[in-house]
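Here is the structure we will look at, set down as structure tokens.
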Protein chains: 2
Amino acid sequence: MRMHLDLLPDFLRGTAFLGTGGGGDPYVGGLMLRQKLEEGADITIMDPMELDDDGFVVSLAIMGAPTVCVEKIPCVLSMVKCLRSLEREKGRKATALIAAEAGGLNGTLPMVIGAMAGLPVVDGDGMGRAFPEFQMCTFGVYGVSASPIVLRDEHGNEVIVRARSNLEAERLGRVVCTRMGSKSEIALYAMSGKQAKTTGVLYTTTLAIEIGRSIREARETQSDPFAGLARYFRTSRDKRFCKVLFEGKVVDLLRETTRGWAIGRVIFEGIGTSTGEQLEVRFQNEFLVAQQGERMLGMVPDLICVLDRENAEPITTEGIKYGQRVRVVGVSVPPVMRTPEALDVFGPKYFGIADVYTPIEQLA
Amino acid sequence: MRMHLDLLPDFLRGTAFLGTGGGGDPYVGGLMLRQKLEEGADITIMDPMELDDDGFVVSLAIMGAPTVCVEKIPCVLSMVKCLRSLEREKGRKATALIAAEAGGLNGTLPMVIGAMAGLPVVDGDGMGRAFPEFQMCTFGVYGVSASPIVLRDEHGNEVIVRARSNLEAERLGRVVCTRMGSKSEIALYAMSGKQAKTTGVLYTTTLAIEIGRSIREARETQSDPFAGLARYFRTSRDKRFCKVLFEGKVVDLLRETTRGWAIGRVIFEGIGTSTGEQLEVRFQNEFLVAQQGERMLGMVPDLICVLDRENAEPITTEGIKYGQRVRVVGVSVPPVMRTPEALDVFGPKYFGIADVYTPIEQLA
């Protein structure tokens, strides 16, 4: 598959959806991608099954707080330099790129870099959504080392982290990123084609395009985009559970840019079908849990997406504000993200949530 | 010159003196050095003039808060790995080592590593004392890049910092060090023999041995060790000013281990010749300024050394405690450390002290 201009709006909407509020607002990355496509760039979205087992695949991302990344925009030249440094570290030239996370800016930028470096981008990613920490890539959950990690800022400072574990790599990388101003370009998870195929969450680029399309087509036919979404997920390749969990407006918001993330919670007062109720959603870059009083409606790693009430446009954690009318949608994630190993790394417990993970379809 | 067991006690006392309270307590480093010497290690202290201009000289140090380093002791194996990584970064094998700072632990450890790696250690260092930040090496003041810097912890985690400036390298390295537990082994300031000769503070290993000896000899002849010190500095190679600034006991101490340093101030109440007066000494790992009310008695980069009142044994910032009876001694530093470029980097202004630097001999 080739990325082209006609696919772009659907892709950007879908990647924002998969970002569950995080991964960075895809707006700027979308403009960069549009520019490349308008210049005639040839961006190949590669079926992961076509990856040579002995290929050399590199992940690229922006690390930091989304609240910062709307002002300190990504430096694509710096990302290319990250790629080159990681290639030097490993003594090999990359044969393909893969997104560290499917969501938002980080779902988009690898294609821009792919265009600049002449490399295909794998249809898939390392999170199947967005997560706030980089040991949370399924690559890492299933045995790939995140190190060496290259971090750069837009001034030309570069740091290489070679850690004993991916969690320690995250902790060391995070303080560097925070020091760099809570936004760094990074390259990490250098791996073989076989590793990318067996540890990644596959076909999430296609998934993003199809999610975006389902919302657009519903809008175009004047039908309910939320119904369009639910219909799409019922029939999608991996047949996912999808449900509107709550309908409300933002009445309270606590958001801090701290320790390299945007951390906080948002309170929705029920409207429409949820009148008289209240929902709290906590976030760390991404929406993590949705709860009504003591009752959990959705828990990480399942997707909790906050969408505009009327047109189902995804809203990011840095873009959310008082008075917005939204529907909160819950979507299940594929089995690869629900194994005990996966839940150890990015289940609710890691985020300090006392409740045991319960799949969203059981909570409903 | 060869380091040998007979020189060791004098050297350790002198290096602690030059540490001006910091550089890490030389006790543990001294034990390591003693062990090497007892095993028959051949440790060459090399006259800097014998350095080949095209030689490849590397600085090694422990970075962090001295309060931490008394508990998390240096990992010499980790220091050797730092050296090897820096050699790999630069594609050359080191021909000599040089201490980043003359003071304390960091004046001692390069000899231990020299013994392990079979490398001579230059008679000299990059600070002529100890300072809390690594852009403060005269190597950096006079144009040598601190980067690439290798930082390691005792668990095998490694970080490489390649920064645009030495100040940015320090800032990035500091957060990594803090994350590593406020103690890291580091290798930095890879440079040519010519650079080491022209930018270092030379013959400070000899200076440390001679300082230590002057105190010991005075003790052995039952004479005042402070008079012995003053006599030594009057006749030393670089003829330094040396004066007892204050005689007192510790009556108050504020010391925080924060942001990777031990930061605070100590108040001395006058005894003996200073009865009725009070002295405040501020420190950031090292003693920085000594003041009586508004009157400055000594200012960084001049040496402010806190010594036991009776036997002139140096006291470190992490070892200082309530009730200690001390004499505070001020010593001038050589011209290379008092140029405008040098004062820009490690003069009082950098440490947030409003007063303009005045040489200690003028303050007296």
Side-chain angles (χ1 to χ4, degrees), chain A residues 63-65 75 77-78 81-91 133-135 140 145-188 190 258-261, chain B residues 63-65 75 77-78 81-91 133-135 140 145-188 190 258-261:
Chain A
M63 178 178 188
C75 179
L77 202 58
S78 175
K81 287 181 181 167
C82 284
L83 169 64
R84 297 307 176 215
S85 289
L86 190 48
E87 287 176 333
R88 255 194 312 280
E89 283 283 316
K90 303 297 284 186
E133 303 183 12
F134 56 53
Q135 80 281 12
S145 172
S147 297
I149 298 164
V150 182
L151 299 99
R152 291 184 67 95
D153 66 16
E154 67 280 15
H155 304 297
N157 295 304
E158 179 173 284
V159 172
I160 314 278
V161 174
R162 299 178 191 130
R164 204 175 43 154
S165 74
N166 292 343
L167 184 59
E168 283 169 290
E170 157 67 30
R171 300 251 161 101
L172 287 165
R174 186 65 50 181
V175 293
V176 170
C177 170
T178 305
R179 177 70 239 172
M180 285 178 168
S182 291
K183 190 275 290 175
S184 304
E185 286 79 29
I186 65 172
L188 70 173
T258 180
R259 291 176 290 137
W261 296 289
Chain B
M63 177 179 189
C75 179
L77 201 59
S78 176
K81 286 182 183 168
C82 284
L83 169 64
R84 298 307 176 214
S85 289
L86 189 48
E87 288 176 333
R88 253 194 314 279
E89 282 285 314
K90 303 298 283 186
E133 303 184 12
F134 55 56
Q135 80 280 10
S145 172
S147 298
I149 298 164
V150 182
L151 300 100
R152 292 184 66 95
D153 66 16
E154 68 280 15
H155 303 298
N157 295 304
E158 180 174 283
V159 172
I160 314 278
V161 174
R162 299 179 190 128
R164 203 175 46 154
S165 74
N166 292 343
L167 183 60
E168 283 170 291
E170 157 68 30
R171 300 252 162 101
L172 287 165
R174 187 65 49 179
V175 294
V176 170
C177 170
T178 305
R179 176 71 239 172
M180 284 177 169
S182 289
K183 191 273 291 174
S184 303
E185 286 79 29
I186 65 172
L188 70 174
T258 179
R259 293 176 290 136
W261 297 290

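Chain naming here is simple, since letters A, B, ... match the order of the sequence lines and numbering starts at 1 in each. Since the structure is predicted, the reported quantities are computational estimates derived from the model, not experimental observations.
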*Among V150(A), I160(A), V161(A), which one satisfies side-chain contact (heavy atoms from CB on, under 4.5 Å) with I160(B)?*
I160(A)

_Taking every non-hydrogen pair under 4.5 Å, which of I149(B), L151(B), V176(B), V175(B) racks up the most with chain A?_
V175(B)

Listing needed: what donor-acceptor pairs below 3.5 Å join chain B with chain A?
| from | atom 1 | to | atom 2 | distance (Å) |
| --- | --- | --- | --- | --- |
| N157(B) | OD1 | R164(A) | N | 2.6 |
| N157(B) | ND2 | E168(A) | OE2 | 2.9 |
| E158(B) | N | R162(A) | O | 2.8 |
| E158(B) | O | R162(A) | N | 2.7 |
| E158(B) | OE2 | R162(A) | NH1 | 2.2 |
| I160(B) | N | I160(A) | O | 2.7 |
| I160(B) | O | I160(A) | N | 2.7 |
| R162(B) | N | E158(A) | O | 2.7 |
| R162(B) | O | E158(A) | N | 2.8 |
| R162(B) | NH1 | E158(A) | OE2 | 2.2 |
| R164(B) | N | N157(A) | OD1 | 2.6 |
| E168(B) | OE2 | N157(A) | ND2 | 2.9 |

